[in-house]
Amino acid sequence: MHSFTFTDVADILGVKPLQQYSNPVIETLLTDSRKLLLVEGVLFFAISSNQKNADDFIAPLYKNGVRCFIIQDHFNTSVLPQFPEANFIKVHDVIMALQQIAARHRREFQYPVIGITGSNGKTIVKEWLYHLLHEAHDIVRSPKSYNSQVGVPLSVWQMNEVHNLGIFEAGISRPGEMQQLQPIIDPSIGVISYIGDAHAEGFENLSQKISEKLQLFIHSKKLIYCADDELLHSTISNFIKTSNPSLQTFSWSTTKTADLVVNSITKKDAGSVVKVKYAGGNFDYFIPFEDDASVHNSLTCCSVLLAMNIAPDFIAVRMSLLRAVEMRLELKQGINNCAIINDSYSADINSLAIAMDFLMQQQQHTKHTVILSDVLQSGQEDNVLYKNIATVFEQKGLHRFIGIGPNITSHANAFAALKEKTFFLSTEDFLKQLPSFHFNDETILLKGARVFRFETISRALEQKMHETVLEINLSALRNNFKVYKQQLNKNVKLMAMVKAFSYGSGSHEIAGLLQHAGADYLAVAYADEGVELRKAGVRLPIMVMNTEEAGFDTIVNYALEPELYSFKILHSFYNYLEQHQIAKYPVHIKLDTGMHRLGFEPADVLPLCNVLKEAGRFTIQSVFSHLVASDDSSHDAFTNEQAKQFEAMVAEMEKVFGSPMLKHIANTSAIHRRPDLQYDMVRLGIGLYGVDPDIHMQQRLQNVTTLKTTISQIKKVKAGESVGYSRKGMVTKDSVIATVRIGYADGYPRSMSNGAGKMLVNGQLAPVIGNVCMDMTMLDITGLDAEETDEVMVFGQQLPVSKMATWGNTIAYEILTNISRRVRRVYYEE
Ligand SMILES: *Cc1c(COP(=O)(O)O)cnc(C)c1O
């Protein structure tokens, strides 16, 4: 097996190491210190951004045993003596260094590589090609949707001589980026999945976007695309003339002549039959999907296979076996208070690293269990592979391990050092024994290659509930967190508001993620909410806003930090601390600058300082106030007044104490609109959950929460009849009515009654008819395509919660926080 040593890496980059102690073989490229699995052979790339200085991760990684680092110019070399046994290479651009190394690695392999780009469908086309081809090929592919400037090099680094086909995806958001990715993937076969007009942002226009994407194929031999798209078709012709004359195309079309011509598409048996003409003959295939995007993706995949000279008969058989690509890591409530992470979509070493990271973030249970199938096509010798995996489990302190499959069972002794472990030859064998495991109060990661059908295990472990669910996209939440972090001035801290069950989204699930993502502070409304977080292992400082006397014990016992907002609460907390002989307890001081809700007023400042100074009972963690209308430019003058007032009051306090205090006033809207008011910290609330009244911010946020329900019954109702209580839903023409499983007890407001509100039924808007009931609502679905048990979206990506809020004359905050606790929350990562 070919391999690079640390010295080779320096040669590839054309620089002399800044410090070299040893010359290990490089096995793993690491860009995210949290994803460290095995330390041996790790090369860490210290990629810094405005928000984080990656050099800060070097010391902890070194302590864990990592020895090789690529660092940037600004690295402070005076700390080198702290890392006597480390090897350092200093470069101007760390990401570019990562890309150069991956591109060099790519050149070691001569087998075909398929490169996929496009604005939608890249990951699905990649996964489907994998499933269509994996029986006849040993395939290396991008994990999940690793298609960025960092993701692509990490994907290609997995290439190995055990493979004979690579499938990688590339995504770009700016001109010039594809030139960077081209030499890393260097595809022999190119694929354009789909070019929509979505995400043209970052490019001058669609045509420039297409031209940039085509740069991936500058040295390719074949290119597969859909010729229905005129602009794409003509841009490709032009690209061939000017840039790659030897490129052969393979196109498919529903409208014009092409290599593959679609004769008809018929929806049938919960799927689609696609009839095509190819090379003078006809054939057809079936896919178990009905939507247009799936048909489009299947035609692209079919074209790729034909271009690879694969026989139509084989294609037809494999197509009928395609399944939905479950890209997400889901966290679900399981039986006996377990949490289940279901990643039954693949079992390879990279996705195992991602899943282990997700598992370890879950701290609501101290006990962690992994159920893992045989790991297929890892590119490593089995005995090395399983030993490595076992070492990871040992390092992470895994409590229980269950291995399923003949291969992993025959390597059972690799796991000898784990305390609790069991092996089964098949999923069926395990299911028979499942009751004897007594799963309870633990987080269980299910990670299995497709053939092991781990979904049968997850079904057995999941708790069955009411079919209305609130789905929470944790990747989107993390994205939104980053979007706001990027808005912060240098050294400004971020307090994440997780009050009211994190605006309805959950408690420790959200707080744990924010802690991991790098929030500095959390804030809750009541002490009990803070206790829930502490019990789930959240360690960040937590501010409690509604401090109550009855809660002092809880506050102190769980190391929560109270907001003090009145002399009454100040004195009683002072007395409490004195009684318990507690000194220097951390508190936050709330000033009223115009909200007139809670807080000390200007005249209170001096007497307040006197109490605070007395006997050192308190440590003032921060001083803050709240803006009344930060989202509204017509109130900017008032906002300025509030800021002026705030600064004056804090200045007075700082004068008394003789030292600066940590100040904050900005909520979501102010972060972006008023960077001048960020002071030392901001308090981010609704924006995290994907809602910002500012249109530019809204475009950068991703939808976090989706409320879904299902149709329990469909009825035909004749003109003149009525629907629901009090005969409010009069039917004026013969209609079709669907009853869905959500009502005001779930948090669907009664103000949505009688047509005010609408839901999305299979992508079609259906108005509420009659009054919303306690547990159910009726929709008028006349003329719409819908069946019983179909899913209905109450709000989500296609129907924003803020839109729904306007229908009910309220705001997104109220809708989100009113979703009742009986609605099951499902968390997932993309
Ligand atoms: C809820 C709250 C916030 C967050 O407001 P958003 O508009 O959701 O960002 C900030 N500060 C205080 C005091 C709050 O109560």
Side-chain angles (χ1 to χ4, degrees), residues 477 480-481 483-485 487-488 492-507 510-511 514 519-527 529-530 541-548 560-566 569 587-600 621-633 635 639 642-643 645-646 649-650 662-675 677-694 697-698 700-701 704-705 800-802 805 810-818:
L477 190 82
N480 298 348
F481 179 85
V483 166
Y484 286 98
K485 263 212 109 155
Q487 300 289 321
L488 299 187
V492 172
K493 290 186 176 2
L494 196 152
M495 174 183 269
M497 308 306 282
V498 293
K499 61 189 179 193
F501 197 52
S502 298
Y503 291 52
S505 296
S507 65
I510 306 296
L514 293 166
D520 299 289
Y521 247 100
L522 297 174
V524 295
Y526 291 96
E529 297 178 328
I542 300 174
M543 175 171 96
V544 176
M545 294 193 291
N546 292 277
T547 310
E548 298 166 293
L560 306 173
E561 302 178 2
E563 163 187 324
L564 303 181
Y565 51 82
S566 70
I569 203 83
V587 296
H588 300 261
I589 306 299
K590 175 74 166 285
L591 304 177
D592 185 355
T593 58
M595 180 86 167
H596 302 319
R597 188 170 65 177
L598 297 180
F600 293 97
Q621 292 295 80
S622 80
V623 186
F624 73 107
S625 187
H626 197 34
L627 295 172
V628 173
S630 62
D631 59 334
D632 189 344
S633 57
H635 290 305
T639 301
Q642 280 196 277
Q645 178 78 267
F646 178 60
M649 291 169 82
V650 178
L662 192 114
K663 303 177 267 300
H664 47 111
I665 198 167
N667 64 338
T668 296
S669 285
I671 293 176
H672 163 72
R673 289 199 63 245
R674 298 300 303 263
L677 303 185
Q678 291 179 1
Y679 299 108
D680 305 309
M681 183 151 82
V682 297
R683 299 188 304 271
L684 174 60
I686 192 98
L688 266 178
Y689 311 98
V691 179
D692 191 315
D694 184 275
M697 289 303 287
Q698 188 62 56
R700 301 180 52 192
L701 298 180
V704 173
T705 45
V801 61
S802 38
T810 179
I811 51 178
Y813 296 77
E814 188 183 0
I815 303 283
L816 289 173
T817 54
N818 270 348

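None of the values given here were measured: they were computed from a predicted structure. Indexing begins at 1, ligand by ligand and atom by atom, following the structure's order.
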Report every pair formed by an N or O atom of ligand 1 and a protein N or O atom separated by less than 3.5 Å, giving atom names and the distance to 0.1 Å.
residue  : atom   : partner : partner atom : Å
ligand 1 : 7 (O)  : Asn667  : ND2          : 3.1
ligand 1 : 7 (O)  : Tyr813  : OH           : 2.6
ligand 1 : 8 (O)  : Tyr503  : OH           : 2.6
ligand 1 : 8 (O)  : Ile686  : N            : 2.7
ligand 1 : 9 (O)  : Thr668  : N            : 2.8
ligand 1 : 9 (O)  : Thr668  : OG1          : 2.4
ligand 1 : 9 (O)  : Gly685  : N            : 3.0
ligand 1 : 11 (N) : His626  : ND1          : 3.4
ligand 1 : 11 (N) : Arg683  : NE           : 2.8
ligand 1 : 11 (N) : Arg683  : NH2          : 3.3
ligand 1 : 15 (O) : Lys499  : NZ           : 2.6

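Between the side chain of Thr547 and the backbone N or O of Glu563, at least one donor-acceptor pair lies under 3.5 Å. Between the side chain of Asn546 and the backbone N or O of Ala525 there is at least one donor-acceptor pair closer than 3.5 Å. Checking side-chain atoms of Gln645 against main-chain N and O of Leu591 turns up no donor-acceptor pair under 3.5 Å.
Residues Met497 and Tyr503 are in side-chain contact: their nearest non-hydrogen atoms beyond the backbone lie under 4.5 Å apart.
For an aromatic pair to be called close, the ring centres must be under 6.0 Å apart, and Tyr521 with His664 fails this.
Every residue meeting the side chain to side chain donor-acceptor pair (under 3.5 Å) condition with Ser630, not counting sequence neighbours, appears here in chain and number order: Asn667.
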